[in-house]
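Working notes, beginning with the structure itself.
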Amino acid sequence: MQPAETATTVEAPTRMRGIQLAGDRAVRLAELDVPPRGPSEALVRITMSAVCGSDLPHYRAPAGDLGRRAHIVPGHEPVGFVVEAAPGGVPAGTRVLVYHHSGEGRCEHCAAGEPMFCAGRETLGNHRHGADAEWLVAPDVSLVPLPDDIDDALAALIACNFGTAFAGLRKSGARVGDRVVVTGLGAVGLCVVIAAVAAGCRVIAVDPIPERRDFARELGAAIAVDPTAADPVAAIRAATEGEGAEIVIECSANAGAQRQATEAVRPHGTVLLIGSNSSMEIDPGVDLIRKEVRVLGTWIFKRHEIPAIFRAARGMPDLRRLLGESYPASDAQRAFAAVDRGEVVGKVLIDWR
Ligand SMILES: [Zn+2]
Ligand SMILES: [Zn+2]
């Protein structure tokens with residue numbers, strides 16, 4: 001899916017169309033200034049961005065609570081091509097995805113390719129304008145050149161959701177033959193299902209929406225469980241010979257699901273938390289100590305993991321089945337509403353071409 005325009009035919013403008021979230025679920029397509037470009041920054045023509053579950057708190061927030069974010073373009077899953085390069089940086093014309101955290105560049109975390117831990121962290125769509133606009137000014141160090149066989153839509157999925165699923169599954173320590181419970185079958189959860197099935201795990205998929213459970217089974221999940229049914233933990237135990245699962249990967253950010261995760265994991269097992277924005281109730285004695293359970297958090301992926309993420313994506317053709325819905329920028333309101341209602345199976349993309 002190559003852009004119709006190329007860097008040589010595109011002039012850098014001073015104004016752009018971009019989304020603003022005005023609070024209370026209002027989405028505006030506004031005429032905005034293209035931000036000024038700093039000395040180590042590039043100007044990228046966006047072709048594809050995407051709506052993420054993590055955009056929803058910003059989308060749903062009351063207008064009065066938005067503060068400076070009322071004026072920030074949202075979006076942290078940008079794909080496009082470089083039109084103006086930083087000196088010595090990724091050249092103009094290069095197709096890129098843009099890694100959404102950047103740091104001040106001098107601390108140990110920046111040096112390790114983990115700018116999300118930098119005290120000076122800036123995140124696209126939060127501290128600076130993000131992906132949901134025709135143009136993006138981004139630090140050159142955040143640009144990730146795309147191989148020809150990773151098209152723009154797949155790259156938008158990799159930029160947050162699949163990268164997160166990949167890094168989380170690795171961090172969980174899941175091994176071939178393990179029983180892996182995945183709670184919350186939004187785009188991240190379905191990416192975890194695909195990756196865990198590909199890794200030879202027996203996957204138990206949990207979500208209240210029947211279409212998502214059906215899709216998870218199509219993707220290779222052995223069993224799908226409705227968490228609103230009588231006793232979902234009993235269903236997971238029954239599916240794991242009464243033992244509980246080696247690994248539970250929680251992607252829903254639902255407090256009930258987080259609770260069930262600690263109940264459904266077996267002794268010496270691992271609960272990996274991906275979904276955030278809720279508070280989790282833990283009984284240390286019952287849930288952790290007397291089962292010797294590990295509870296880990298994971299936050300997107302590290303820069304050094306990107307080559308392996310591309311290799312993994314090539315081996316998982318089912319990822320493309322998540323790329324169903326693509327909305328033109330003029331329809332962004334519908335794109336956000338679709339994710340908000342939770343009725344979408346797969347990834348919602350915004351097409352800026
Ligand atoms: Zn995201
Ligand atoms: Zn730093």
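Start at 1 and go down the list; that is how both ligands and their atoms are numbered. Note that this is a predicted model, so its numbers are computed, not measured.
Distances from the Zn ion (ligand 1) show that C160 has an N/O/S atom below 2.8 Å. Residue contacts to the Zn ion (ligand 2): C107 brings an N, O or S atom closer than 2.8 Å.
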Can you list the steps and then say if D33 with R15 is a salt bridge (Lys or Arg N to Asp or Glu O under 4.0 Å)? CA-CA 5 Å; D33 287 335; R15 301 278 286 171; 2.7 Å; yes
Is there a ring pair (Phe, Tyr, Trp, His ring centres under 6.0 Å) between F162 and F301? Walk through the geometry before answering. CA-CA 9 Å; F162 179 66; F301 53 93; 9.2 Å; no
Between S252 and E250, does a side-chain hydrogen bond (donor to acceptor under 3.5 Å, both in side chains) hold up when you go through it step by step? CA-CA 6 Å; S252 73; E250 205 304 292; 2.5 Å; yes
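The nearest N/O/S atom of E104 to the Zn ion (ligand 2) is OE2. Within E77, the N, O or S atom at minimum distance from the Zn ion (ligand 1) carries the name OE2.
With a 6.0 Å radius and a threshold of 12 heavy atoms from other residues, nucleotides or ligands, E281 has its CD atom at or below the threshold.
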